[in-house]
Chemist: 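Let me begin by handing over the structure; questions about it come next.
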Amino acid sequence: MKSDTIISRFLIWFLEKMVLFKLKEGYYGDIIEEYNSRREENGGFKACWWLCFQVMGAVPSLIKYYVSWTMIMLNNYLKIAFRNIRKQKMYSLLNITGLTVGIAVAVLIIFHIKDELRYDRHFPKSGRIYRIIDGGGSESQVRPWACIAPLFGKVVKEDIPEIEDMTRFFYMKSTILTYSSDTQTIKTFEETRGFFADPGAIRMFNLAFISGNPKHALKEPDSIILTASMAKKYFGEENPLGKTIQSDYSRPWKVTAVVENMPAHTHLKFDYLVSMSTLQKSWGKMLEHRSWNAFYTYVTLDKNATREQVENKLIDFAVRFHPDLKSREEAIKQANYYLQPITDIHLHSHLEKEFAPNSHIAYVYIFSILALFILLIAGVNFVNMTTAQAFKRIKEIGIRKALGARKRQLIFQFICEAFLLSFAAAVSAALLLKIILPVYNSLSGKILEFQHLMSLDHIIMYIAAFILLSTLSGIYPAFFMASFKPVSSLKGLKVPGSAATKIRNWLVVFQFVLSVIMIFSTLTIHKQMEYFNRKNLGFDKDQLLAIKLYGDLREKLFKDPEALKNELMSYTGIGRVTAVSKLPGERLGRESFRPVGISNGEELPNFRFMRADQDFIESMKLAMVAGKSFAGLNPNRVAFIINESAAQLLNLKHPVGKTAVNDGRRKGKIIGIVKDFHFASLHHPVEPMVITFNPKRARYLLVKIKGDQVYETMGYIRNCFKRISPKFPLIYRFVDDYLERLYASEKLVGRIFTYFSILAIFIACLGLFGLSVYSAEIRIKEVGIRKVLGASSANIVRLFTSGFIKMVLLANFIAWPIAYAAMSKWLEAFAYRAEISVNIFILSCLFSLVISLFTVSFQGFKAARANPVDSLKYE
Amino acid sequence: MKELTKSEEVIMLAIWRLRDQAYGVTIKNQVKEVTTRDYLYSTLYTTLEQLVGKGYISKRFGEPTPERGGKRKIFFRLTETGLSTLKHTFRKNREVWQGISEESFNINRGWQDEK
């Protein structure tokens, strides 16, 4: 075929493959003949052209032919598939259940991950918004700061042209807000999510205004904008615009706008914003500060600017901004400012003084792996059970082959069956999801809606995933079944191939390896949580009530502290009382502390600071290592107690008695050293800390409740306070509850792991159960013969279960090193961690064994009780 | 007796004219010569299969040749039923076209509006 073009050859090949057998002789042959004669006459191109026409004309009828035949066969396949499902009700049910759970779980996890990755991306300008971070430089000893100096943001915007917009946020600490309406109803609440903000906040984050003018809302001093739920809380159905709200701060604020609540998937969570100009008015000096890292600063970059460009300019700017930085190199070493994309914050940012605790990218990875595990277990189940059932259809396959079915068709048939089962599973998974979603939402603190899950683009993703899943799990059984030899199958030689059985067993082992890894992890996580709960923090945290000091209450305390304390302590249910500036578990500020005698040239890091009154050490039952406590001190004295770590750091021979200066202004003596205690989460080692004697700066009253009558004691306390400050409601919390929130993400992970481990084991046992039933079926005759030959019931049961036990034990041995490695890595994140003891290994092994034994024993007992006469009757 | 469609009629006549040489290529060419209908092989074979199904024609296999890529030719020929159908068609046509010659179509007989 000399002058054949590629197209011609392709078309001829196409025809060869596609034209149906019976037509091939005439049809195909005619085309070839005429093609050849045309090629002789008119040349290759014209002949090729003609060929194209012929083939194009052929395609529609070919399609119609194929489609109609496929439909007919599909009809048959579906009919047979349904019949099979009905015949094997239990197996099919097990199969579908396993797949359903697997699919539902995987979908849930995928959405969880999608949601986590979605944080902060909904802002229209999110690609250009960055947070300015003080990297601290290589010579600083602390983590980078999420906050920078107040003046920085303001000046940097004027200085660097590529910065389009800027806003700062300043956290307002917990504040009491009060609204007194004209109708004399007073609404007072403690608010913890308020910030001072620049007008830029409205522009940069495109806040959605429900009422009020976006251009002016944050311009004037003493303006406050509320989120919708805040407005509802204080004003109900009234219009808040123009009304005033009182706060801890001196002047009342005017409501200038109401905005929609910030959505859940952003790290910027606030309830209200007060204009930055308010601070300007009352405390202007503060805004001129150059080294007080207290303001979150966000910038929007120009469309054409790159991050590197601006970061470069930031370093130069830092040299100009900080008088003590003389060159770029110094700037990089001491205060390496850089830009953090806002979309990175939620998962990757763990800086000092974050807005709120962030999540971790590691969890995204962990959950993806979990999802994969569960899908794998479910898929393996499907494969196992289908192949086990395969031998029942040997006759059908043999007949089909004898009637002319090609291997291709048989594979297609079995994949169709896999499809059908998976489809049923997918539908029930959707139903299951609808039910489970509220549980998941309460677990994870997210707000996923079913409608949202079912939106169009998601459904396309489901269909794609579902097709993938059913094809992958259906492929192996399909090939397996399609390769049965017709002769041996029709003869009725049922040989459960040992190769197939081996593969099946290994698959079960694999399932249990995954499950044991999950059980192991769950046990470890729980042990760590227990450890957190039980660990002695160095102070007495049980039944410790923290009452917020504000308004009248605070004044009364400062006027006459003894009176209030005595009044409280006179009640039998109340132990000691002390006043402090920060709760244990609350973030302590860092301030400078320099003992006299250490030269100014020597670099000292900042210490964590806390303020307390005379009774602090005794109330909290802290242990003193040297010196004495604040008890009995004159309230006007300045005195410090440092902890062991601080003493070590300062490296003084006899710290007690030395004078020291705090923040450059307050001078006093170090009167004692306290044993290290955990005032921060157990994630971090104890940092050097200084407790200053300063009752006037207390913000909480810590009341130790003795005995069991907590409720009555609370009543007494409430009455006391109602008498003292009737207008200000009692605002309190329990310290142990407060401490627990530090471990919120670990608790969440623990819960998720628990549920998923249960699910994984459940699915694995479904598979195991199916296999045990199958194995019982196959060995009916064997069991019958053994019984006749004198085996006892115990022997039979042992016979059955030993195989499975071996598999589970093997799975445990394989899983242990993997799980141990993974969990050790996780535990490294905690400065104080529990040990992975031998207990955990034994427990996870025991757990998996007991559950699998339980599953398998049903069939064992059933087989043991079977009557050999029945089993051996049919030969 | 059912009427033949135009396609069927044309193809069956071609087969009849071709006597024992009627297979795909020759039928196609014959039809093209006489009536300038240029059939695609797919439609041709569809019609041929239909005719076989109706019992008007029958087929037999010929010898494989290299020009055909080693495939055999399929020859078609009219059956008794097919033959009588053609005859019937001819008669019907003759009745319909009774007494008309080519010159008759020089005048357009229609509405008598000129009188």
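Lettering follows sequence order; numbering is per chain, from 1.
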Chemist: Report the residues that fulfil side-chain hydrogen bond (donor to acceptor under 3.5 Å, both in side chains) with B:T36, sequence neighbours left out, ordered by chain and then residue number.
Modeler: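 Listed in chain order: nothing, the list is empty.
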
Chemist: Within the structure provided, determine whether A:E33 and B:K71 are in side-chain contact (heavy-atom separation under 4.5 Å).
Modeler: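 A:E33 does not reach B:K71 side chain to side chain.
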
Chemist: Flag the one option from A:V55, A:V59, A:I31 with the top tally of heavy-atom pairs under 4.5 Å to chain B.
Modeler: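 Most heavy-atom pairs within the cutoff with chain B belong to A:I31.
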
Chemist: Please check if atom CH2 in B:W16 has more than 12 non-hydrogen atoms from other residues, nucleotides or ligands closer than 6.0 Å.
Modeler: no

Chemist: Kindly compute the distance separating CD1 (A:I32) from OG1 (B:T65), expressed to the nearest 0.5 Å.
Modeler: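 If I round to the nearest 0.5 Å, the distance is 10.5 Å.
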
Chemist: First locate atom NZ of A:K64, then atom OG1 of B:T46, and finally report the distance between them rounded to the nearest 0.5 Å.
Modeler: 7.5 Å

Chemist: Measure the CG-CZ distance between B:D38 and A:F53 for me, rounded to the nearest 0.5 Å.
Modeler: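 Separation between the atoms: 10.0 Å.
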
Chemist: Hey, is the main chain of B:Y41 close enough, under 3.5 Å, to the side chain of A:Q54 for a donor-acceptor pair?
Modeler: yes

Chemist: Under 4.5 Å from any heavy atom of chain A, what part of B:F76 do you find: side chain, backbone, both or neither?
Modeler: neither

Chemist: With sequence neighbours excluded, give me every salt bridge (charged side-chain N to carboxylate O under 4.0 Å, His left out) pair touching residues 398-425 of chain A.
Modeler: A:R393-A:E417, A:E396-A:R400

Chemist: Would the number of heavy atoms belonging to other residues, nucleotides or ligands and lying under 6.0 Å from OH of A:Y66 be above 12?
Modeler: yes

Chemist: Can you tell me if A:I7 has over 12 outside heavy atoms packed within less than 6.0 Å of its CD1?
Modeler: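 For A:I7, atom CD1 is not crowded (no more than 12 foreign heavy atoms under 6.0 Å).
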
Chemist: If you take all heavy atoms of A:Y27 and B:S42, which pair is closest and at what distance?
Modeler: OH-CB, 3.5 Å

